[in-house]
Q: 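Input: one structure, supplied below.
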Amino acid sequence: VQLQASGGGLVQAGGSLRLSCAASGRTSSSRFMGWFRQAPGKEREFVAAISRSNVTIVYADAVRGRFTISTDNARNTVYLRMNSLKPEDTAVYYCVAGQFMSYISDRYDYWGQGTQVTVSS
């Protein structure tokens, strides 16, 4: 499975961005897709995950109510709509895919290349 993330950029605090992650290859092997992020000098952290069936959706406390994860199975794409962005949301955002939902990054089988999100104050 190959993951191609896009949609990052520079935005002012309070603004919005939408990240996209297109999956290709043997996508049927990955029941869950999601996002992690890593800020400079910090550990990688879980952001959100969704099952391809859309039955299971999980958010980190830091983004719940501001971010929305969704999938378009026809396009094998997962989205992360980010509203009310804060400077502390600044990070490289990574798309992930795997058989199981986990808050632990190593549990995912596939990773995208990352897309930079920068929120200015």
Side-chain angles (χ1 to χ4, degrees):
V1 176
Q2 294 78 44
L3 302 174
Q4 181 69 42
S6 61
L10 173 64
V11 64
Q12 289 187 333
S16 299
L17 282 175
R18 189 181 78 160
L19 305 183
S20 301
C21 177
S24 60
R26 195 181 171 197
T27 57
S28 60
S29 65
S30 298
R31 295 190 300 144
F32 288 87
M33 295 186 72
W35 296 90
F36 281 75
R37 67 186 182 185
Q38 187 166 20
K42 295 187 177 181
E43 293 187 354
R44 192 172 294 170
E45 65 173 351
F46 172 83
V47 175
I50 186 170
S51 62
R52 291 175 66 85
S53 64
N54 289 312
V55 170
T56 301
I57 299 175
V58 183
Y59 294 100
D61 289 343
V63 307
R64 187 177 294 112
R66 299 188 297 122
F67 291 11
T68 302
I69 190 170
S70 62
T71 62
D72 182 339
N73 288 327
R75 291 183 170 86
N76 285 320
T77 299
V78 62
Y79 302 98
L80 186 69
R81 177 67 179 181
M82 305 184 294
N83 295 329
S84 302
L85 282 161
K86 305 174 181 180
E88 51 263 44
D89 294 318
T90 295
V92 177
Y93 284 70
Y94 296 91
C95 174
V96 298
Q99 277 285 26
F100 306 101
M101 204 302 290
S102 176
Y103 297 100
I104 302 172
S105 60
D106 291 347
R107 300 290 173 85
Y108 289 88
D109 302 310
Y110 306 102
W111 284 74
Q113 84 284 8
T115 184
Q116 177 70 46
V117 172
T118 303
V119 184
S120 62
S121 58

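Along the sequence shown, residues are numbered consecutively beginning with 1. Because only heavy atoms are used, hydrogens play no part in the values below, and waters and symmetry mates are left out as well, while side chains stay in.
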Q: Are L3 and I69 connected in the hydrophobic side-chain network, where two residues link if heavy atoms are under 4.5 Å apart?
A: yes
Q: Go through the structure and list residues passing side-chain hydrogen bond (donor to acceptor under 3.5 Å, both in side chains) with D106, not counting sequence neighbours.
A: none
Q: In terms of hydrophobic clustering (I, L, V, M, F, W, Y; side-chain heavy atoms under 4.5 Å; direct or indirect links), are M101 and V1 co-clustered?
A: no
Q: Measure across G112 and Y94 and return the closest heavy-atom pair with its distance rounded to 0.1 Å.
A: O-CD2, 3.8 Å
Q: Holding to side-chain hydrogen bond (donor to acceptor under 3.5 Å, both in side chains), I want the full list of residues that pass it with N54, two or more places apart in sequence or in another chain.
A: T71
Q: Show every donor-acceptor pair shorter than 3.5 Å between a side-chain atom in residues 30-40 and any protein atom, with sequence neighbours excluded, or say none if there are none.
A:
{"unit_1": "R31", "atom_1": "NE", "unit_2": "Q99", "atom_2": "O", "d": "3.1"}
{"unit_1": "R31", "atom_1": "NE", "unit_2": "Q99", "atom_2": "OE1", "d": "3.3"}
{"unit_1": "R31", "atom_1": "NH2", "unit_2": "Q99", "atom_2": "O", "d": "3.1"}
{"unit_1": "R37", "atom_1": "NE", "unit_2": "E45", "atom_2": "OE2", "d": "2.5"}
{"unit_1": "R37", "atom_1": "NH1", "unit_2": "D89", "atom_2": "OD1", "d": "2.9"}
{"unit_1": "R37", "atom_1": "NH1", "unit_2": "Y93", "atom_2": "OH", "d": "2.9"}
{"unit_1": "R37", "atom_1": "NH2", "unit_2": "E45", "atom_2": "OE2", "d": "3.0"}
{"unit_1": "Q38", "atom_1": "NE2", "unit_2": "K42", "atom_2": "O", "d": "3.1"}

Q: Would you give the length of the straight line joining atom CG of N73 to atom OG1 of T27, rounded to the nearest 0.5 angstrom?
A: 8.5 Å
Q: Compare every heavy atom of S105 with every heavy atom of R44, then report the nearest pair and how far apart it is.
A: CD-CB, 4.0 Å
Q: Do V96 and Y110 sit in one hydrophobic cluster, given that two such residues count as connected whenever their side-chain heavy atoms are within less than 4.5 Å of each other, even indirectly?
A: no
Q: Can you name the closest pair of heavy atoms from G8 and L19 and give their distance?
A: N-CD2, 3.5 Å
Q: So, using ring-ring contact (aromatic ring centres under 6.0 Å, His included) as the criterion, who are the partners of Y103 when residues are at least two apart?
A: F46
Q: Taking only residues at least two apart or on different chains, which pairs with a member in residues 112-121 satisfy salt bridge (Lys or Arg N to Asp or Glu O under 4.0 Å)?
A: none
Q: Could you state the interatomic distance from OG1 (T115) to CD (Q4), rounded to the nearest 0.5 Å?
A: 9.5 Å
Q: How would you list, by chain and number, every residue that makes a side-chain hydrogen bond (donor to acceptor under 3.5 Å, both in side chains) with R64, sequence neighbours excluded?
A: D61
Q: Please identify each residue that fulfils salt bridge (Lys or Arg N to Asp or Glu O under 4.0 Å) with R18, with sequence neighbours left out.
A: none
Q: CG/L80 to OG1/T68 distance, rounded to the nearest 0.5 angstrom?
A: 8.0 Å
Q: I'd like to know whether CZ of R107 has more than 12 heavy-atom contacts from other residues, nucleotides or ligands below 6.0 angstrom.
A: no
Q: Going by the rule side-chain contact (heavy atoms from CB on, under 4.5 Å), which residues pair with E88 if we only count those two or more places apart in sequence or in a different chain?
A: K86
Q: Would a single hydrophobic cluster contain both I57 and Y79, if residues Ile, Leu, Val, Met, Phe, Trp and Tyr are joined by side-chain heavy-atom contacts under 4.5 Å?
A: no
Q: Going from CZ on F67 to CG on L85, what distance comes out if it is rounded to the nearest 0.5 angstrom?
A: 5.0 Å
Q: Can you list every disulfide bond (SG atoms under 2.5 Å apart) pair that touches residues 18-121, not counting sequence neighbours?
A: C21-C95
Q: According to a 4.5 Å side-chain heavy-atom criterion applied to Ile, Leu, Val, Met, Phe, Trp and Tyr, with indirect links allowed, do V63 and V78 form part of one hydrophobic cluster?
A: yes
Q: Could you list the residues that satisfy side-chain hydrogen bond (donor to acceptor under 3.5 Å, both in side chains) with S24, not counting sequence neighbours?
A: Q2
Q: Which heavy atom in R52 sits nearest to a heavy atom in N76, and how many Å separate them?
A: NH2-OD1, 2.9 Å
Q: Where the side chain of R66 meets the backbone of S84, is there a donor-acceptor pair that is under 3.5 Å apart?
A: yes
Q: What residue pairs, at least two apart or across chains, pass salt bridge (Lys or Arg N to Asp or Glu O under 4.0 Å) with a residue in residues 110-121?
A: none
Q: Going by side-chain contact (heavy atoms from CB on, under 4.5 Å), name the residues that satisfy it together with S120, two or more places apart in sequence or in a different chain.
A: L10, Q12
Q: On a heavy-atom basis, which atom in V92 and which in G114 lie closest, and how many Å separate them?
A: CG1-CA, 3.9 Å
